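Okay, structure first, notes after.
This one's a predicted model, so the numbers in the text were calculated from it and none came from an experiment. Values below: every heavy atom of this structure, side chains too, minus hydrogens, waters and symmetry copies.
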Amino acid sequence: MKVRIMQPGGKSYFFVTLVAACTAIAGLLFGYDVAVINGALVYLRADFHLGPVTTEFLTAILFVGCAFGSIVAGWASDRFGRRAALFCAGLVFCVAAFTASSSTQIAQLMTARFLAGMAIGATLLVAPLYISEIAPAHKRGMLVTLNQLLIVIGTLAGFIVSYELAKFAPGSWRLMFFLGGTPAIALCLAMLWIPESPRWLLQKGKLEQATAVLRKVSAEADVQATIDEITMAIREESGTYRELLSKALRKPLVLAVMLAIIQQVTGVNTVLYYGSIIFAEHTGASASEAFGMNVVVGAVNLLFTVFGLLLIDKLGRRPLLLLATGGMAVSLVAFAVLLNTMAGHSTLLLLPVLGYVACFAFGLGTGVWVCMAELFPNRIRGRALSISNMALWISVTVLTATFLSLTKMFSAAGVFMGYAVICVLSFIYIYLKLPETKNRTLEEIEASWSNGKA
């Protein structure tokens, strides 16, 4: 089947890019939240008298909520549409942000963090799903990666906000959480004007609406052929969870789940969530220096996410993921060695951390979301992504709920060396199992699983 290419620079290309960018605002919720809890933990541990286990639980409960949110969102996005699911998630995050900022008891804060997790789990499932369905094949990777780009922009913004607010009273953590409602409001407003996914509309039998959307996002000559292609794919799909266990879809399901797990168990969220604690307790940095080091981490994360966004549709998914896992392994080994030999040299110890974050940003951070959004046929995609995202959130829950305890048992150097081993194993798995999906339509990818040519 020939891939239809939308001419860049045209009105339709500008429109679909604008729609994708507005949808990617969903990424700001997660990115800002990552940075805020990183900085707020320093003060929350003092205000609420938190020990290591309670600190881990406060961090990890967000991801428990993410797992529930991804399950609900997978069903809701298939039932009510991608826009409705994203709008509701934005409202829930607003409630969570305002509740967290006014918390006076740890139970209230835990509840707010769980609600925030539900909203984040929903948005991180539905946003890349929606973008993948509305984007042309040759630009799908870059446009889906906009969601990850907004995540890291939100992370950098959150680090800067935390750094600046930390100069004031310790109670400034309340304002840190309160400001998290801003991107959620922006997401809700964006959902009022973007069109619904044409694939979802055709799945629901709304041909006229789907045709109108396709005329906005693709060349007029391609509209009818695209409708025929999507309609044929939908007709051949059962759309049930049992379908995911069929011979044609077992391989992509296992692959998506493994990619989700790999993205988390390679350890990057230990740096993003516990960065202030790591830098302050294991590198000899002061609290102020630790916040500043977080800002540098956020800047590198943003820079190399842009790098990955520009390369993913040129080099492909496989090369970036392989280069990323290999580079992360080398960086982690270097960090572990320096922790044992150069403790107290905070600037020197920051360098391998930056290399580690850079490799994650242009590879696993961008590529995994793209791959998971591309691997499944339309009608089952929401349910399939809910399963893979649930695996992702379970993995990051285990990671964040055990990190501080593991460092006490095995030392920080030992724990990061363990993550390096996982990176090596991940490199081997990706090399053996991941097919290249660059420049292939979603229908072509679906057909490749059926005929065994993936």
Side-chain angles (χ1 to χ4, degrees), residues 26-73 88-125 151 154-155 157-159 161-162 165 170-185 187 264 268-277 294 389-390 392-405:
L28 286 176
L29 276 63
F30 186 39
Y32 182 85
D33 192 88
V34 166
V36 162
I37 195 64
N38 187 322
L41 279 177
V42 175
Y43 303 112
L44 292 172
R45 295 174 85 184
D47 287 0
F48 291 95
H49 309 290
L50 306 179
V53 174
T54 310
T55 302
E56 289 173 333
F57 187 72
L58 177 61
T59 306
I61 195 171
L62 177 91
F63 303 114
V64 177
C66 286
F68 279 95
S70 65
I71 295 172
V72 174
C88 291
L91 290 180
V92 172
F93 194 89
C94 283
V95 172
F98 300 147
T99 302
S101 67
S102 60
S103 296
T104 56
Q105 298 179 349
I106 189 62
Q108 185 180 2
L109 184 58
M110 293 281 190
T111 301
R113 301 298 297 156
F114 179 81
L115 289 175
M118 287 195 67
I120 289 170
T123 57
L124 292 189
L125 183 148
I151 290 176
T155 302
F159 281 145
V161 168
S162 297
L165 291 180
S172 58
W173 63 264
R174 296 185 182 278
L175 185 55
M176 294 178 189
F177 283 127
F178 182 83
L179 291 175
T182 304
I185 293 172
L187 177 65
Q264 298 305 318
V268 73
N269 275 314
T270 59
V271 175
L272 297 181
Y273 275 84
Y274 295 116
S276 297
I277 297 174
N294 277 334
N389 277 32
M390 183 173 64
L392 184 150
W393 298 124
I394 291 173
S395 300
V396 73
T397 299
V398 173
L399 182 81
T400 54
T402 58
F403 176 71
L404 295 179
S405 298

field: For the student: nearest non-hydrogen atoms of T402 and V398, plus distance
entry: OG1-O, 2.7 Å
Which atom pairs, donor and acceptor, lie under 3.5 Å between side-chain atoms of residues 112-124 and protein residues at least two apart or in another chain?
residue, atom, partner, partner atom, Å
R113, NH1, D33, OD1, 2.7
R113, NH1, D33, OD2, 3.4
R113, NH2, D33, OD2, 2.8
T123, OG1, A119, O, 3.2
T123, OG1, I120, O, 3.0

query: Of all heavy-atom pairs between S102 and R174, which one has the smallest distance, and what is that distance?
result: C-NH1, 3.5 Å
query: Rounded to the nearest 0.5 Å, how far apart are CZ of F48 and OG1 of T55?
result: 11.5 Å
Heavy-atom check, side chain of L58 versus side chain of L41, under 4.5 Å: yes
Considering all heavy atoms, the nearest L404-E56 contact: N-OE2, 2.9 Å
field: Minimum heavy-atom distance between P183 and L28, given as atom pair plus value
entry: CB-CB, 3.7 Å
message: Return the CD1 to CZ distance between I151 and F30, rounded to the nearest 0.5 Å.
response: 6.0 Å
- prompt: Tell me, do L50 and I106 make a side-chain contact under 4.5 Å, heavy atoms counted?
  reply: yes
query: Does the side chain of F403 come within less than 4.5 Å of L399's, by heavy atoms?
result: no
query: CG of L179 to OG of S162: how many Å apart, nearest 0.5 Å?
result: 9.5 Å
query: Side-chain contact, heavy-atom cut-off 4.5 Å: L109 with L44?
result: yes
message: Under a 3.5 Å distance rule, please check whether Y274 uses its side chain to pair with a backbone N or O of N269 as donor and acceptor.
response: no
query: Just wondering, do D47 and W173 contact through their side chains at under 4.5 Å, heavy atoms?
result: yes
What donor-acceptor contacts under 3.5 angstrom involve side-chain atoms of residues 89-101, with partners at least two apart or in another chain?
residue, atom, partner, partner atom, Å
T99, OG1, V95, O, 2.7
S101, OG, A97, O, 3.4
S101, OG, F98, O, 2.8

message: Would you say that V161 contacts L175 through its side chain, given a criterion of any heavy-atom pair below 4.5 Å between the two side chains?
response: no
query: If you take all heavy atoms of Y43 and M176, which pair is closest and at what distance?
result: CE1-CE, 4.4 Å
- request: With sequence neighbours excluded, tell me which residues meet ring pair (Phe, Tyr, Trp, His ring centres under 6.0 Å) with Y273.
  value: F63
task: Might you point out which heavy atoms bring Q264 and V396 nearest each other, and give the distance in Å?
output: OE1-CG2, 3.1 Å
